[in-house]
Student: 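Take a look at the following structure, please.
Keep in mind that what you see is a predicted model, and the values were worked out from it rather than measured.
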Amino acid sequence: MAIKPTRARQFWLMKSEPSEFSIDDLDALPNRTVHWHGVRNYQARNLLRDSIKTGDLVLFYHSSCAVPAVVATAKVIRDGYPDHTAWDSRSDYFDPKSTQANPRWFMVDIQLEKRFREPVTLSSMRTYSELEELPLLRRGNRLSVQPVTKKQFDFIVKKSQQPE
């Protein structure tokens, strides 16, 4: 019997506008768990469907707000599966071209791991040479789900423990 190789844990940054869904909202949910739904970009969808797996770690990022920042870490607790909000005509995320037989959009489930004592702001991240390759800091990169390296992830988590 062949042994299946273990996949290395991967690391991600997921953006959320706090006026829509904030770290406080996630923290208040049962088991501090949420379906990461409503992503309507094909590149991000492909990551949710094909690449993000149970056990991967996430940087939870507040975007489109007064002080954009990474505010917490979370863990992926369910692999990608069809985003059912695309089938609900009352949902802001409804897509009539997505069906149960041929789903167009996908989501994963994440669970809050740790809120940061000190958010790591976008402006501070721009000052660290260790983060110069972080996709979030690239001009024109607006993806709501993006990969990060383990080194970038660990660096941001370390900075969250220090006052800015």
Student: Only one of Arg90, Arg40, His35 forms a side-chain hydrogen bond (donor to acceptor under 3.5 Å, both in side chains) with Thr85, so which one is it?
Tutor: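 Output: one option passes, namely Arg40.
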Student: Whether the side chain of Arg115 engages the backbone of Val71 through a donor-acceptor N/O pair (distance < 3.5 Å, no angle test) should be reported.
Tutor: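 Side chain of Arg115 to backbone of Val71, a donor-acceptor pair under 3.5 Å: no, none is there.
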Student: Could you go step by step and tell me if Val76 and Lys53 meet the side chain to side chain contact (heavy atoms under 4.5 Å, CB included) rule?
Tutor: CA-CA 7 Å; Val76 177; Lys53 301 295 181 190; 6.0 Å; no
Student: From Gln152 CD over to Leu134 CG, what is the distance, rounded to the nearest 0.5 angstrom?
Tutor: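 Output value for this atom pair is 5.0 Å.
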Student: Between Thr99 and Trp87, does any side-chain donor sit less than 3.5 Å from a side-chain acceptor?
Tutor: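 No, no side-chain donor-acceptor pair sits under 3.5 Å.
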Student: Check Leu47, Ile110, Val39 against Met14 for a side-chain contact (heavy atoms from CB on, under 4.5 Å) and give me the one that passes.
Tutor: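 Among Leu47, Ile110, Val39, the one meeting side-chain contact (heavy atoms from CB on, under 4.5 Å) with Met14 is Ile110.
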Student: A cation-pi test, strictly: NZ or CZ of Arg126 under 6.0 Å from the centre of the six-membered ring of Tyr128 and no more than 45 degrees from its axis. Yes or no?
Tutor: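 Checked: cation-pi criterion not met.
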Student: Treating Glu20 as the side-chain partner and Glu17 as the backbone partner, does any N or O pair qualify as donor plus acceptor under 3.5 Å?
Tutor: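 No, the answer is negative, given that no donor and acceptor are paired below the 3.5 Å cut-off.
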Student: If two hydrophobic side chains count as joined below 4.5 Å and joins carry through other members, does Val67 share a cluster with Leu59?
Tutor: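 Val67 and Leu59: separate clusters.
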Student: For Arg142 and Ser63, test the side chains for any donor-to-acceptor distance below 3.5 angstrom and give the result as yes or no.
Tutor: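 Their side chains do not contain a donor-acceptor pair, so the 3.5 Å distance test is not met.
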Student: Are the side chain of Asp25 and the backbone of Ser22 linked by a donor-acceptor contact shorter than 3.5 Å?
Tutor: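 Yes; at least one donor-acceptor contact below 3.5 Å.
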Student: Tell me if a side-chain donor or acceptor on Thr127 pairs with a main-chain N or O of Ser124 at a distance below 3.5 Å.
Tutor: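 Yes.
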Student: May I ask you to decide if Thr33's main-chain N or O and Asn31's side chain share a donor-acceptor pair within less than 3.5 Å?
Tutor: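 Here the side-chain-to-backbone pair does not exist.
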Student: When you check the side-chain N and O atoms of Tyr81 and Asp109, is any donor under 3.5 Å from an acceptor?
Tutor: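 Yes, Asp109 and Tyr81 have a side-chain donor paired with an acceptor closer than 3.5 Å.
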Student: Within the distance-only criterion (no hydrogens, no angle test), does the side chain of Arg49 pair as donor or acceptor with the backbone N or O of Gly80 below 3.5 angstrom?
Tutor: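 No, because the side chain of Arg49 does not come within donor-acceptor range (under 3.5 Å) of the backbone of Gly80.
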Student: Are Tyr42 and Arg104 close enough that a side-chain donor and a side-chain acceptor fall under 3.5 Å?
Tutor: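 Yes, Arg104 and Tyr42 have a side-chain donor paired with an acceptor closer than 3.5 Å.
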Student: NZ of Lys158 to CD of Glu130: how many Å apart, nearest 0.5 Å?
Tutor: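 Here the interatomic distance stands at 8.5 Å.
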Student: Mark yes or no for whether His62, through its side chain, and Thr121, through its backbone, hold a donor-acceptor pair below 3.5 Å.
Tutor: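 Judged by distance alone, no pair lies under 3.5 Å.
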Student: Same cluster or not: Phe11 versus Trp36, using hydrophobic residues (I, L, V, M, F, W, Y) connected whenever any side-chain heavy atoms lie under 4.5 Å apart?
Tutor: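 Looking at the clustering, Trp36 is in a separate group from Phe11.
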Student: At what distance, to the nearest 0.5 angstrom, does CG of Leu112 lie from NZ of Lys114?
Tutor: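 Those atoms lie 11.0 Å apart.
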Student: Determine whether a donor-acceptor pair (N or O, by modelled atom type, separation under 3.5 Å) exists between the side chain of Asp83 and the backbone of Met107.
Tutor: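 No.
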Student: Short question: side chain of Gln10, backbone of Ile52 - any donor-acceptor pair under 3.5 Å?
Tutor: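 No; zero donor-acceptor contacts below 3.5 Å.
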Student: Less than 6.0 Å separating the ring centroids of Phe60 and Trp12?
Tutor: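 No, they do not, as the ring centres are separated by 6.0 Å or more.
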Student: Could you label the plane-to-plane angle of the His37 and Tyr93 rings as parallel, tilted or perpendicular, counting under 30° as parallel and over 60° as perpendicular?
Tutor: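 Because their plane-to-plane angle is over 60°, the rings of His37 and Tyr93 count as perpendicular.
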